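Have a look at the structure below, then the notes.
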Amino acid sequence: MPDLVVEALARLARVESSLCAFHEVFSSFAPVDPSLPLAGMPIAVKRGERRSHREALMALGCVPIGLTTTPDGTTPWQTWGRNSRGVTRNPWNLDRTPGGSSAGSAVAVAAGVVPLATGVDGAGSIRIPAAWCGVLGLKTTSTERAAVGVFTRDPDLLATYLGTPEVSSPTAVWSSDLGFATVDDEQAEIAWRAAAPLQPKPVDLTLPDPAEDWFAGRCGPNPALDAVFEIADLLLTPTTPGPPHGHDGPGARINTSLTWAFNLSGHPAISIPAGFDSDGLPVGLQAVARHGREADLIAAARAVLDNVLDAQPHPIEWFDPNPPR
């Protein structure tokens, strides 16, 4: 068994009773070719996702250690973490949700169990838990409403996962609310400050609320977004309209309001850690790129993380309810 897998399982044993991030932990592991680019790297896999996605990562040398938790289908909008094993908890505050539906995968990365975890983003269900758990969460380009992606803390792993070359200094524009969403001032302010290295220019953008198209299942081109990407490489927004809520649910707030338009349009998008709010909870900055231009998202992540981490340390390893003796 690779050393990194042993370390991941040991870490999991210390934190899982508090976090409930895994639906199943594997007990046997296939041998790995040491010449592969991610040979021996432990990963967590979202329960119920496409097997082909897991197999693509295994072809890079990754070793799945288990299946992560997802909401059980009774939670509104699937943006919080109650599941068949209990409640999946946010490692920054156990009384708050990590988001969903890729809840366990976000928690597994945020708590330092694995460096990479898979997810599926159907309306923001990678980006929302990434924002609320303080990690990177990437949704890839897709012609369907749901897109595969990953969580990590390391932009280099995103580049390896995507096989993407380096890109320098993408241009960016900023919208705090996409012209229709109700966003907390603190969320917008923190995301705006984090975006500073990208020097975004505010853009007068008014998208129609995606709710009607979402429930009608209408996917396809969005002329307003097409116009934005004629003048800039990236559209930046806060990832979520507010902070992670408690385990009693989101109430009337639509946590997907800033994310689901890009599932309908198929654009790739990423949530980047932007800092922390006044309650010490993570805030995300969303970057959206042209179709097939995930490289611009990685460049944005590098620029923002260099700035955010210099200004405010991000101590993932603080969460350890049962430290080793």
Side-chain angles (χ1 to χ4, degrees), residues 1-70 81 83-85 88 91 98 100-121 125-126 129-130 133-140 147-164 270 294 298 301 316-317 319-320 322-324:
M1 187 185 304
D3 290 345
L4 291 177
V5 173
V6 173
E7 293 173 9
L9 293 173
R11 172 75 172 164
L12 176 59
R14 295 201 299 273
V15 304
E16 176 63 1
S17 61
S18 297
L19 297 177
C20 189
F22 280 77
H23 171 77
E24 177 185 355
V25 179
F26 300 149
S27 58
S28 61
F29 308 94
V32 176
D33 179 351
S35 68
L36 295 173
L38 298 179
M41 175 175 290
I43 64 168
V45 175
K46 180 179 180 178
R47 179 189 180 196
E49 78 155 18
R50 305 169 194 171
R51 185 174 182 84
S52 59
H53 191 210
R54 182 199 312 191
E55 291 173 345
L57 283 162
M58 292 174 68
L60 294 172
C62 294
V63 180
I65 67 166
L67 304 178
T68 55
T69 54
T70 59
N83 58 78
S84 60
R85 291 193 53 244
T88 301
S101 63
S102 304
S105 287
V107 171
V109 172
V113 175
V114 291
L116 189 74
T118 71
V120 178
D121 191 307
S125 44
I126 288 176
C133 291
V135 298
L136 294 165
L138 172 76
K139 172 190 101 68
T140 56
V148 298
V150 293
F151 299 89
T152 185
R153 302 194 303 270
D154 185 354
D156 289 342
L157 287 182
L158 288 183
T160 302
Y161 162 70
L162 293 167
T164 302
I270 191 171
E294 282 85 349
I298 296 174
I316 292 295
E317 293 298 325
F319 181 79
D320 206 342
N322 300 295

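None of the values given here were measured: they were computed from a predicted structure.
- Of all non-hydrogen atoms in P98 and C133, the two that sit nearest each other are CB-SG, 3.6 Å.
- Here the closest heavy-atom approach between residue P115 and residue M41 is recorded as CG-CG, 3.6 Å.
- Side-chain contact check for L12 versus V114: every heavy-atom pair is 4.5 Å or farther apart.
- Remark: side-chain polar atoms of E24 are not paired, donor with acceptor, to backbone N or O of T68 under 3.5 angstrom.
- With a 6.0 Å radius and a threshold of 12 heavy atoms from other residues, nucleotides or ligands, D156 has its CG atom above the threshold.
- The shortest heavy-atom contact between K139 and A147 is CG-CB, 3.6 Å.
- At least one donor-acceptor pair closer than 3.5 Å links the side chain of S105 to the backbone N or O of T118.
- The salt bridge (charged side-chain N to carboxylate O under 4.0 Å, His left out) contacts involving residues 49-69 comprise R50-E144, R51-E55, where partners must be two or more places apart or lie in separate chains.
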For this session: Could you go through the side-chain contact (heavy atoms from CB on, under 4.5 Å) check for I65 and F22 one step at a time?
Result: CA-CA 10 Å; I65 67 166; F22 280 77; 4.1 Å; yes
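- Counting only distance, with no hydrogens or angles, the side chain of T152 and the backbone of L157 share no donor-acceptor pair below 3.5 Å.
- Not one N or O on the side chain of S125 forms a donor-acceptor pair closer than 3.5 Å with the backbone of G100.
- Taking all atoms of both residues into account, the shortest heavy-atom contact from G119 to F151 is CA-CE1, 4.2 Å.
- A donor-acceptor contact closer than 3.5 angstrom is absent between the side chains of K46 and T69.
- Contact record, I270 with A301: CD1-CB, 4.3 Å, taken as the closest heavy-atom pair.
- Heavy-atom minimum distance, I126 versus L138: CD1-O, 3.6 Å.
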